[in-house]
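Keep in mind that the numbers below use all heavy atoms, side chains included, and drop hydrogens, waters and symmetry copies. In this text, all values refer to a predicted model and were calculated from it rather than measured experimentally.
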Amino acid sequence: MSNLELGPIMRALLRNKVGAMLIALQIAVTMTIIVNAVFIIVERKSMMERESGLDEANTFYLTTTGFGNDFESKRVTREDLDLIRSTPGVVDAIQVNAIPMSGSGWSMGLTTTPGDEVESVGTANYMVDDHALNTYDAALVAGENFSFSDIRFRERNQSDWPDVAIITQALAKSLFPELSVDEVVGKTVYIGDNEPMIVKGIIDKLQAPWVGWNNLDHVTLTPEWMAFPSMRYLIRTEPGMRDTLMTSLEQTLANQYPNRIIRNVETITSTRDASYRQHSAMIKILTVTMVLLTLITALGIIGLASFNVNRRRKQIGTRRALGASKSAIIRYFMVENLIISLFGIVLGVGLTIGLNFMLIEWFAVKALDWYYIPAGVVLLFNVGQLAAFGPAFRAAKISPALATRTI
Amino acid sequence: MFIYYMKLAIKSIRRNIWLSSLMVLAVALGIGACMTTITVNYMMSANPIPHKSDQLFYVQLDNWGPHFPFNDENEPPDQVTWRDANNLMQHDRFKQVAMGTSGGVIESDNREIKPFMAGIRLTYTTFFNLFEPPFLYGGPWQPTADKNSEQVVVLSKKTNQQVFGGENSVGRTLTIAGNRFRVVGVLDDYEPIPRFYDVTTGAFQSPEDVFMPLTLKLPLELGSSGNNSCWKDPDGDGFEGFLMSECINYQFWVQLDNAAEQEQYMSFLNAYVEEQKALGRFPRPLNNRISSVMEWMEIQEVVADDAQIMMWLAALFLLVCLLNTVGLLLSKYATRTADIALRRAIGAPKQAIFSQYITESALIGIIGGVLGLVLALAGIEAVKSMYGDFVSEHVAIDLTMVTVAIALAVISSVLAGCYPAYKACSVPPATQLRNQ
C-alpha cells in the first residue's frame, strides 16, 4: 500500500481542484442517470414479457360489421363460425367481444356475496362459446368446459348474464384467497352486485385487453354469442398458416354477404407490439441515452487525464530518470482516477437515490432494488479506469531523457 | 473588436480540432436530447384553443354510489349520465354542450363507393359555437334540429372527400347507420391537439368523421362507444332503460365568460343536484366541479409520464455534457497561459482576455446548437418511427423551438465558458514569461 503514493497524488489533485471536481460531478450525474435508466428498462422489459396465454404467433382476429335492416346476425354468426372452423389450417375459432391486449373491452366487478356494500374484484369479460379454451390455447386446471347447451344468444340491449362462467386462476385466487382451485369450482359469484353466476371451470392463464391494468390476469368467460351487427372473430391457425389464412378468410367472409364490412384484420403479434410500443420506445431511448452518456463521460475523463499528462511531461520524465518504473507511472494516473471516481461515485449514490425518490413522488416509478447501486458503482469504476488507461499508458512512454531537456 | 475575437476563436478551434470537436459534439448531443424531449412535451401540453381556454369549462357531477367513490381520491366521475346531460341541456340560458360517441356504417348513394365504418360524435349545435371548428361549406345545424331530432349531419373534410369527392355537399343526402341524413355543413381541416373536448378515450385522437344531434340517439337507437361505467345495473330494460341508468358515457362543457358567471353556474349545478337528491338520486355528498380547458388537461394527465421522465433525464444529460465542456475548456485554456501572459504583459486588460475566451465558448455553443438542432430533427424522426401514433405525427420543430434550441445552446455554453475564461484572464502577466 505504501507505494500507492496517495500523498503526492492528493496534493497534485488539490492543485487542480476544479478539473477533478468537474470529472467527479460528471461521474456522479452519469451514475444517477444510468442506474435509474437501467432500473426503468428492466422493469419495462419484465412487464413486456408477461404471457398473454394465447398461441400468439398463430392467432389473428377480424371485425365484421353488418349493415342494412335485413342483416340476420344470428344466422351469419352460425354460418361464419362453421365456415371458419372447417377451413383447412384453422385450429379453432370463436366469436368474441374483445381481444386480449388490444386496449378496448368490457369489464365488470365480481363479488362473493351479493349487495353493493362489498368491494368488488374487477375482471375483463369475454363472451365466447365452447371452442374458447382451444382457441385461446388455455388449459383447464379445475372444473369443466362449457357444454353446447350452456350457450345462449345475447341480444343488443340485453344486460343480464348467463348462469355459468369460467374464470382464470388469478381471478379465482383474488375472489377466494383461502380456497384451492378445485374448491372454487361450483361456487357462486355475483356480477354487477347482485346477479349470481356459478363458476364452472378454471383456466390457467388469459389476459385482459388493457396491458396497463393492475388486474391484467383477471378474466371471466361467459357462454354466449352476440347477436350484434358488429362482432369479432378470433382465429387460431396451425403454425405457418396465419398470414395465408388472414388474406383468404377476409376475402371469403367478405364475399359471403354483400352487406357487411370486414375490417381491422390484425394479428396478435401486431396487437402486442402496438400495446407495448410506448414501453419498447422508452427502452430504446434510454439505452441510446446511456450509451452516449457513458461515451461522453469517458471522453471527458480521457481529456482531463491527457491534459494532466501533457502538463506533467517534464515531471514524469524526471521521475523516470530517477528510477521510477513504467508501471509506477501508469499506477500513478490510475490511482489518481480512482480517487476522483471515488468522490464522484459517493456523490452519485446519493443523487441516484434522490432521483429515484423524485421519480416515485411524481411518476409511477417503483423504488429501486438495492443491488442496482453496487452494480452502478462497479460499472462507473470500470468506465473510469478504462478511460484513464490510455493517457496513463502514453505517460509511461515518456522518455526519461526528457528530464534533461528544457521545453 | 468582436470580429477580431471571432477570428481568434476560429483559429483556436482549428488548432485543437479534436478537442474542439469533442466539445461541439457534447453540446450538440445535450441540446439534441433536450430539444427532442422538450418538443414532445411542448406538443403534448399545448393549449388547443388558446383564445378561449379560460372560458370553457368541463362539468363533473358526482352521481356515484353511496358506498364507494368513483376513484380513491373521491374525484367526481369523469363523465355524466344520459339523464343529467339531457336535464342540464334544457336550461338554454347557459352556453352548454353535451356529447357522446357512436359508430356506424356510411353508405353513399353512389354504389361504386364502398360502405365504410365511421366514428360519430353526437352533440348539440352549440358544439360548433363553443369549440369553433372551421367550416369549409355550410355551417352548424339549427337549434330546432336538436329539439326535433332532425336527421342532419356535419361531415369532416375527409368524410366529404370519401363520399362526395370533396364537392360542396350541403343539401345532399347519405345513409349513416341505416338512416338517411341531410348534410348541413362540412368542416375544414380540424385537428385540435390534444383533442381536448373529449379525452376520455385518449387525448391524442382525431376528431370524429361525422357530427349529428345527440337527441337522435334514442329514436334511432344509436349504440354507445367510448368508456361506459356504471356503479349499478340499469333499473329499466332495453335501449331506453340503459340510457336512463346511472351509467356515465357523456361529456359536458359550458362557456362562462367571467367569475360572476362561473359562480352563478356553480350554484345552478348545486341546485340541480339537490333537486335530483330529492328524487332519490345522487346519494353522495355534493361534489360538483367545473374545470377550465387547461385545468381539465392537467387533471386527466394528458402529458404522458414517460415524456416527462425523458425530459428530466435529457436535462441531466445536458448537464453532464456541460460539465464535460467546462472541464475540456479549462484544460484547453490552461495550455495557453504563456500566450495570455504575453498579451497581458504588453498591455491587454483582463476584460479583453475574458471577452476573447468567452467568444470562443459562445462560438462552440452556436456550432453545437446548430448541430444539436439537426440531431433533434433526427431524434424526432426516431420518436415518430418508434411511437408511430397520432401524437408523434404532429410533433414538429417550429420557429419557437429553433430559437429555444439556439438560445439554450449559447446560454449554456457561455455559462460553461465563464469559469475557464475567468481562470484564463487571471493569469498574472509576468510569472509565465519568466520561464520562457
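The side chain to side chain contact (heavy atoms under 4.5 Å, CB included) with A:Leu22 is formed by just one residue from the set B:Leu323, B:Thr325, B:Leu322; it is B:Leu323.
Between chain A and the options B:Leu22, B:Leu328, B:Leu313, heavy-atom pairs under 4.5 Å are most frequent for B:Leu22. The residue among B:Phe242, B:Trp18, B:Phe116, B:Phe317 with the most heavy atom pairs within less than 4.5 Å of chain A is B:Phe317. Between chain A and the residues B:Gly238, B:Gly327, B:Gly178, the most heavy-atom pairs under 4.5 angstrom are made by B:Gly238. No other option in A:Ile33, A:Leu25, A:Ile23 has as many heavy-atom pairs under 4.5 Å with chain B as A:Ile33. Chosen from A:Lys284, A:Met108, A:Glu119, the residue pairing most often with chain B at heavy-atom distances under 4.5 Å is A:Glu119. When A:Gly300, A:Ala28, A:Ala281 are compared by the number of non-hydrogen pairs under 4.5 Å with chain B, A:Ala281 comes out ahead. Listed options B:Val326, B:Asn324, B:Leu29 were ranked by heavy-atom pairs under 4.5 angstrom with chain A; first place goes to B:Asn324. Of the listed residues (A:Thr63, A:Leu286, A:Val29, A:Ile27), the one with the most heavy-atom contacts under 4.5 Å to chain B is A:Val29.
Looking at heavy atoms from C-beta onward, B:Ile309 lies in side-chain contact with A:Met282 at the 4.5 angstrom threshold. Between A:Leu355 and B:Leu316, some side-chain heavy-atom pair lies under the 4.5 Å cut-off.
Contacts of A:Ile40 with chain B are made by side-chain atoms alone, with heavy-atom separations under 4.5 Å and no backbone atom involved. Only the side chain of A:Ile261 comes within contact range of chain B, judged by heavy atoms closer than 4.5 Å. Proximity to chain B is absent for every atom of A:Val288, based on heavy atoms less than 4.5 angstrom apart. When heavy atoms are compared at a cutoff of 4.5 Å, B:Glu301 does not approach chain A at all. Residue A:Phe67 touches chain B through its side chain alone, counting heavy-atom pairs closer than 4.5 Å.
A distance of 12.0 Å separates CG of B:Asp305 from CH2 of A:Trp362, quoted to the nearest 0.5 Å. The CG atom of A:Leu359 lies 11.0 Å from the CD atom of B:Gln308; values are rounded to the nearest 0.5 Å.
Contact between B:Gly223 and A:Arg156 at its shortest, heavy atoms only, is N-NH2, 3.5 Å. When all heavy atoms are compared, the tightest approach of B:Ser331 to A:Leu304 is OG-CD1, 4.1 Å.
Within 6.0 Å of CH2 in B:Trp312 there are 12 or fewer heavy atoms belonging to other residues, nucleotides or ligands. Atom CZ of A:Phe357 has 12 or fewer neighbouring heavy atoms from other residues, nucleotides or ligands inside a 6.0 Å radius. Within 6.0 Å of CZ in A:Phe71 there are more than 12 heavy atoms belonging to other residues, nucleotides or ligands. A 6.0 Å sphere centred on CD of A:Gln315 holds more than 12 heavy atoms belonging to other residues, nucleotides or ligands.
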